[in-house]
Student: 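Mind having a look at this structure? Questions to follow.
Letters A, B, ... mirror the listed sequences (proteins, then strands); counts begin at 1.
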Amino acid sequence: MKKYLALKASAGSGKTFALTVRYITLLLKGATPKEILTLTFTNKAANEMSERIYKTLLSLGEDEAYLNAIALESELSKEQILSKKSYLVNLFSNAALSIFTIDKFVNKILREFSGYAGINDDFEIKEDDVEKLSSKFLESLSLEEFDKLIDFSLFENKKYNSIFEVFKNMFEKAETIDVVNIDLSLIEIQKKEALQEALKIKEFILNCPNASNSAIKAVDYENFEELISKKWLEKDRAEEYSYFKKCSNELLEEFFSKTKEEVGNYYKLRSAFSLSRLFELYNLFKEYKRRYNSSKNYLHFDDISNICYELLSTKIDKEFLYFRLDSNFSHILIDEFQDTSLLQYKILKPLIEEILSSSEFKTFFYVGDTKQSIYRFRGGKRELFDYVLKTNPMVNVEVLNTNYRSCEQVVNYVNQAFNKLNSYEYHDQISVHKDGYVEVFEDEALLSEEKYENIAKKISELMQKGVNSNDIAILTYTNDDVLNLYSYLKKMFPSLKISTEMTSKLINQENVKAIINAIKYLYFQEGIYKENLNAIIGKAPESSFELNIDLKYRSVQESVLKIAQFLNVTDDNVMKFVELCSSYKNIVDFVYEIDELDASIENSEQVGLQILTIFKSKGLEFHTVLLLDRIKQKVANRDYLLFEYDNVNLKNIYYKIGGLDNYSIEYKEALKKEKALEFEDELNILYVAMTRAKKNMIIFKKKEKSVFDLLDLKIAALGEVIKSDNKTKNYEKSEKVIYKALDLGKQEKPIKVEEDNDNAYTLHAKYFGIATHFCLEMMNNFDEKSLHLAINLVKNRYSNYLDESDIANIKARVFQLIAHEEFLALTSNANYSKEQSLIYKGELKIIDLLVEKEGKYFIFDYKTTRDELQEHIEQVSHYEKAIKNILVNDEVYSFIIYLNEKGVKLKKV
DNA sequence: CAGTATGACATTTTT
DNA sequence: TGTCATACTG
């Protein structure tokens, strides 16, 4: 095993495999889980990582590939490894793990050293309330400071809101410059001087008998601003401007070059001035934000990394940090390294350096793929990957170029598309799976009204050819495309299940929006809200809204629910909304604060055809991928500032001004560099998109202005469509929220949803149920030891949704089950399978637990609700019938297990 | 027909 | 605020 290793892992080349193998090897070499710091980017990835390691340990020996790789890495024999299996399982499942997201880790450091930063260690983590923060900041300014802000705003012609937005951007970057004071009057003088020279050009042209109308129009400036809007100023010489050509002589060229010189001086002065002023204001803001945060005792994620970095670079010694951290990390594993931001790396650096310089057994490993770096816009710095290698020669590098994900046709197609680009570092991948299907389809419909016509056609064609709709994913560039495509396909195939993985705000979801507008209408009595409502729910304009409801005498929750019912718009999102409304004390708070609610929408249906953005698809794979061209044009980068880096070191910060590139070579170079990076981003997005498909990939390309022109993709159809494998799991079990009216009691009594978790079908109850099922699914045997292991997995996976007491609750319930005599009698010495899926009469069913004992079959279905509903019995007897039919066996018995806190009830059906 | 002016147009997102 | 389509100019 290489102690220090950087792994370049192309898409589908077994990155998680490598991480898992390394982790287990470290355990075999005597490391404890606590000292192996494993960093990922999302909670999802962190959960998946620990689950993957656990499952691999549990099934150690079954998968040859894993065993071989671990043997190779650890230099132990397979027998030696297998003899330690139960020890490893125990070790891993009973220890505190150090598998975190980077943000969680940074947060952890800050809390441990909060005293040195002068903050409380019990701070909350929250989003900033931008409106409040920006207005409070204004109030905090002295008259003089306030004037500076106003001057800047007027001078730059920028609104306060947009300036404030820039502050946030600067905050993220955490870079500073020395502020120099430049007097505004200097700029005014420079403007006058430039205009004076330019007026000589104007006079010259107007006096030139050959001047065309266009030439005369080109000199119609009265002031400096009009002057610099002229295109001809970009030329090097006057004669290069065709409308001036006929009048060009040496005198004109002299005026021209003099004007350009003066304008150039203006630009230089101006960019330095604006940059300084902006940073001056920003520093004020930064100071204020610190005060504001500490008074409210909360921090934003950006604050956390900012303060943490400041702490490390000024107040605490690196050695001190390392030895004071509550756990000593001897091993570091970093996933998706290409997405690490500069600031995050700077924070991790002392820990990495400590490992690299230690004489003990300490290791450092990072894995990533710069081709998949698509998050530069939020700080990801792909240059870091090679920079760390270059600056630490003891770190080895290995490249994974075998693709275990996609079929031959797909791999080859991607190879030929990317390896011909000369400005792109690409190494051909080797495929291991044969066949596959690639089609590039020039879709003229994409530019017309019926945009998605051909996509719908293709979907039905694929389904006819035997591709399961659950195996299809459609990838798009924007969330907007996801939504549009979703509603189109829903219209075309009403019974098709479609899921959209999106993160949009809950308050923007149609049904929720309808409710908000209804309430605002009832409260403010302003027609605009009623018309919004009519538009959303598809009523004719001016339709009336008649609901007799007294907002004042009901709780907010109650009103929201009543209105939802009245409008008939109750769904998962509305349910979540109802829950969140409990935080509003009264209707006044609600109408004024609801627009700031930051919660995200629920992913409605988790089964079916998937539509998602390419960004979201990163790290995922699909049987069949339909890849959509960029529908709308890309927007221009509207940042005020241009950060120029030399690899990872800040070289310069520029205040962006249109036209400055004509006068400053350095600025021009910086712009060019930025453009090259943007171009690389674009290629990376394409790379990510084209490496998601396992079997079939179909590209819908616009006839003109297609992003695929970057790769010069031609119309093609290669190979044969591969059918869905019958064994593919085409149903992801999740308990759908069954909507049931909450018992609201009488009007005078405000409702409390959280009072009775057992009966209300809240989201909390939903997660509780799923987690309980997950716990039972993860148990190898129905004994205490298995429960103990499984409950740890539940903790890792559901800690975001459930708290400690919930976990304890689940444990207690399951504990009672494994102590239940009848249940134990039925399951002991029997064969059983969990989450058994079966297809019966065209419908897919999942049985929680199926037990086979002495030729008899027992079906078990877990419920975490207290209610015993007829519906449960019907569901289970349906399973019973199906099993009897399929197995041709009459000895099938079914049970519903009600897992309650007070006791377990086994109900025979 | 090449060069120029003008107006319309629009992203990605975790913690 | 950069890009693109389009219309205009000489």
Side-chain angles (χ1 to χ4, degrees), chain A residues 39-46 100-108 110 124-128 156-158 162 168-169 172 210-218 220 229-235 239-247 298-306 308 335-336 339-341 343-344 372-380 447 475-482 501-505 598 600 612-619 630-642 656-661 671 674-675 678 681-682 684-686 688-689 704-705 707 800:
Chain A
L39 298 175
T40 61
F41 268 84
T42 62
N43 282 318
K44 194 174 155 211
F100 310 117
T101 64
I102 290 201
D103 284 291
K104 228 176 223 161
F105 180 62
V106 173
N107 175 24
K108 203 170 125 76
L110 186 59
E124 255 189 281
I125 304 174
K126 273 204 307 196
E127 287 290 313
D128 290 318
E156 302 293 337
N157 196 18
K158 283 179 170 149
S162 99
K168 222 184 121 192
N169 203 335
E172 248 176 62
N210 296 330
S212 64
N213 285 337
S214 296
I216 291 165
K217 213 173 157 227
D220 66 347
S229 73
K230 295 298 169 194
K231 273 276 176 203
W232 48 262
L233 261 178
E234 289 171 17
K235 304 286 180 200
E239 61 179 9
E240 287 170 20
Y241 183 70
S242 62
Y243 296 163
F244 285 172
K245 217 169 192 168
K246 280 197 282 183
C247 300
Y298 88 94
L299 292 174
H300 186 261
F301 284 102
D302 291 337
D303 299 317
I304 295 176
S305 21
N306 259 302
C308 194
D335 192 11
E336 303 276 14
D339 288 331
T340 310
S341 78
L343 194 57
Q344 286 168 336
Q372 291 184 71
S373 148
I374 56 178
Y375 285 129
R376 202 172 60 91
F377 65 89
R378 60 167 210 232
L447 298 164
L475 308 187
T476 68
Y477 269 82
T478 69
N479 279 321
D480 227 34
D481 297 337
V482 174
E501 174 104 11
M502 293 205 6
T503 38
S504 12
K505 282 189 170 182
D598 215 42
S600 303
L612 65 171
T613 62
I614 297 169
F615 297 85
K616 277 259 164 174
S617 79
K618 189 162 170 248
R630 195 190 273 286
I631 307 285
K632 291 170 190 157
Q633 77 177 53
K634 215 177 138 191
V635 289
N637 177 2
R638 258 175 288 193
D639 293 341
Y640 285 19
L641 298 176
L642 175 62
K656 284 214 236 168
I657 310 171
L660 176 59
D661 50 331
L671 267 184
E674 175 66 22
K675 278 215 174 128
E678 274 170 20
D681 284 345
E682 201 67 18
N684 286 349
I685 296 170
L686 281 168
V688 168
E704 286 155 347
K705 290 193 297 176
V707 272
N800 290 323

Student: A:D128 has an atom CG; how far is it from atom C1' of B:dT15, in whole Å?
Tutor: 13 Å
Student: Over how many whole Å does the gap from A:E234 atom CD to B:dA5 atom C1' extend?
Tutor: 12 Å
Student: A:T478 has a side chain; which of B:dT15, B:dT12, C:dT1 sits nearest to it?
Tutor: B:dT12
Student: Strictly under 4.0 angstrom, non-hydrogen atoms only: write out the protein contact profile of nucleotides 5-10 of chain C, one letter per nucleotide from the 5' end, B, S or -.
Tutor: S---SS
Student: Would one find a side-chain N or O of A:K235 under 4.0 angstrom from OP1 or OP2 of B:dT4?
Tutor: yes
Student: If we require ring centres under 5.5 Å and near-parallel planes under 30°, does A:F377 stack on B:dT12?
Tutor: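 Per 5.5 Å and 30° rule: yes, stacked.
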Student: Does A:N684 use its side chain to pair, donor to acceptor, with the backbone of A:S373 at less than 3.5 Å?
Tutor: yes
Student: Under the rule for side chain to side chain contact (heavy atoms under 4.5 Å, CB included), what residues qualify as partners of A:D481, not counting sequence neighbours?
Tutor: A:Y452, A:T476, A:Y477, A:T478, A:I631
Student: Could you tell me which residues satisfy ring-ring contact (aromatic ring centres under 6.0 Å, His included) with A:Y375, sequence neighbours excluded, listed by chain and number?
Tutor: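 Residues passing ring-ring contact (aromatic ring centres under 6.0 Å, His included) with A:Y375: A:F377.
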Student: How about A:Y640 and A:N169: does a side-chain donor come under 3.5 Å of a side-chain acceptor?
Tutor: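 No, because no side-chain N or O of A:Y640 sits under 3.5 Å from a partner of the opposite role on A:N169.
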Student: If I take atom CD1 in residue A:I304 and atom C1' in nucleotide B:dT15, what distance separates them, rounded to the nearest angstrom?
Tutor: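 One finds 8 Å between C1' of B:dT15 and CD1 of A:I304, rounded.
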Student: Please enumerate all residues that pass side chain to side chain contact (heavy atoms under 4.5 Å, CB included) together with A:L660, with sequence neighbours excluded.
Tutor: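 Checked A:L660 against side chain to side chain contact (heavy atoms under 4.5 Å, CB included); matches are A:Y267, A:S271, A:I657, A:S664, A:Y667.
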Student: Between atom CG in A:D661 and atom P in C:dT1, what is the gap in whole Å?
Tutor: 12 Å
Student: List in chain and number order the residues that pass side chain to side chain contact (heavy atoms under 4.5 Å, CB included) with A:N157, two or more places apart in sequence or in another chain; answer none if no residue qualifies.
Tutor: none
Student: For B:dT13 and C:dG2, measure between their C1' atoms and round to the nearest Å.
Tutor: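 Per the computed distance, 23 Å lies between those C1' atoms.
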Student: So, using salt bridge (Lys or Arg N to Asp or Glu O under 4.0 Å) as the criterion, who are the partners of A:D303 when residues are at least two apart?
Tutor: A:K289
Student: Which part of the nucleic acid does A:K618 contact within heavy-atom distance under 4.0 Å: base, sugar-phosphate only, or nothing?
Tutor: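 Result for A:K618 = nothing.
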Student: Test of understanding: with side chain to side chain contact (heavy atoms under 4.5 Å, CB included), list the residues that count as partners of A:E240, not counting sequence neighbours.
Tutor: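 By the side chain to side chain contact (heavy atoms under 4.5 Å, CB included) rule, A:E240 matches A:K235, A:D236, A:R237.
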Student: By ring-ring contact (aromatic ring centres under 6.0 Å, His included), which residues pair with A:F615, not counting sequence neighbours?
Tutor: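 ring-ring contact (aromatic ring centres under 6.0 Å, His included) check on A:F615 returns nothing, list empty.
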Student: Which is more 5' along DNA chain B, the nucleotide nearest A:D302 or the one nearest A:K230? Just name the residue.
Tutor: A:K230
Student: Give every pair of a protein N or O atom and an N or O atom of nucleotides 6-8 of chain B that lie under 3.5 Å apart, one pair per line with the distance.
Tutor:
unit_1	atom_1	unit_2	atom_2	d
B:dT6	OP1	A:K217	NZ	3.1

Student: Write down the distance between CD1 (A:I125) and P (B:dT14), rounded to a whole number of angstrom.
Tutor: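 Roughly 16 Å, once rounded to whole Å.
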Student: What is the nucleic acid contact for A:F615, judged by heavy atoms within less than 4.0 Å: base, sugar-phosphate only, or nothing?
Tutor: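 Here A:F615 touches the bases of the nucleic acid.
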Student: Grab the CG-P distance between A:N107 and B:dT14 for me, whole Å please.
Tutor: 18 Å
Student: For a quick test of reading the model: is some side-chain N or O of A:T101 closer than 4.0 Å to OP1 or OP2 of B:dT15?
Tutor: no
Student: What is the separation between atom OH on A:Y241 and atom C1' on B:dT4, rounded to the nearest whole Å?
Tutor: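 After rounding, the reported distance stands at 6 Å.
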Student: In whole angstrom, what separates A:F244's CZ from B:dG3's P?
Tutor: 17 Å
Student: Does A:Y477 place a side-chain N or O at less than 4.0 Å from the phosphate oxygens OP1/OP2 of B:dA10?
Tutor: no
Student: Scan A:K126 against the nucleic acid and name what it touches under 4.0 Å (heavy atoms): base, sugar-phosphate only, or nothing.
Tutor: nothing
Student: Does a side-chain N or O from A:K632 land closer than 4.0 Å to OP1 or OP2 of B:dT11, or not?
Tutor: yes
Student: With DNA chain B as reference, determine whether A:R630 or A:T42 sits nearer its 5' end, using the nearest nucleotide of each.
Tutor: A:R630
Student: Is there a donor-acceptor pair closer than 3.5 Å between any side-chain N or O of A:N637 and the backbone N or O of A:D639?
Tutor: yes
Student: Is any side-chain N or O of A:N479 closer than 4.0 Å to OP1 or OP2 of B:dT13?
Tutor: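 For A:N479, the contact criterion (side-chain N or O under 4.0 Å from OP1 or OP2 of B:dT13) is met.
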Student: For the pair A:D661 and A:K656, find out whether any cationic side-chain nitrogen is under 4.0 Å from an anionic carboxylate oxygen.
Tutor: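 Salt bridge between A:D661 and A:K656, a charged N being under 4.0 Å from a carboxylate O: no.
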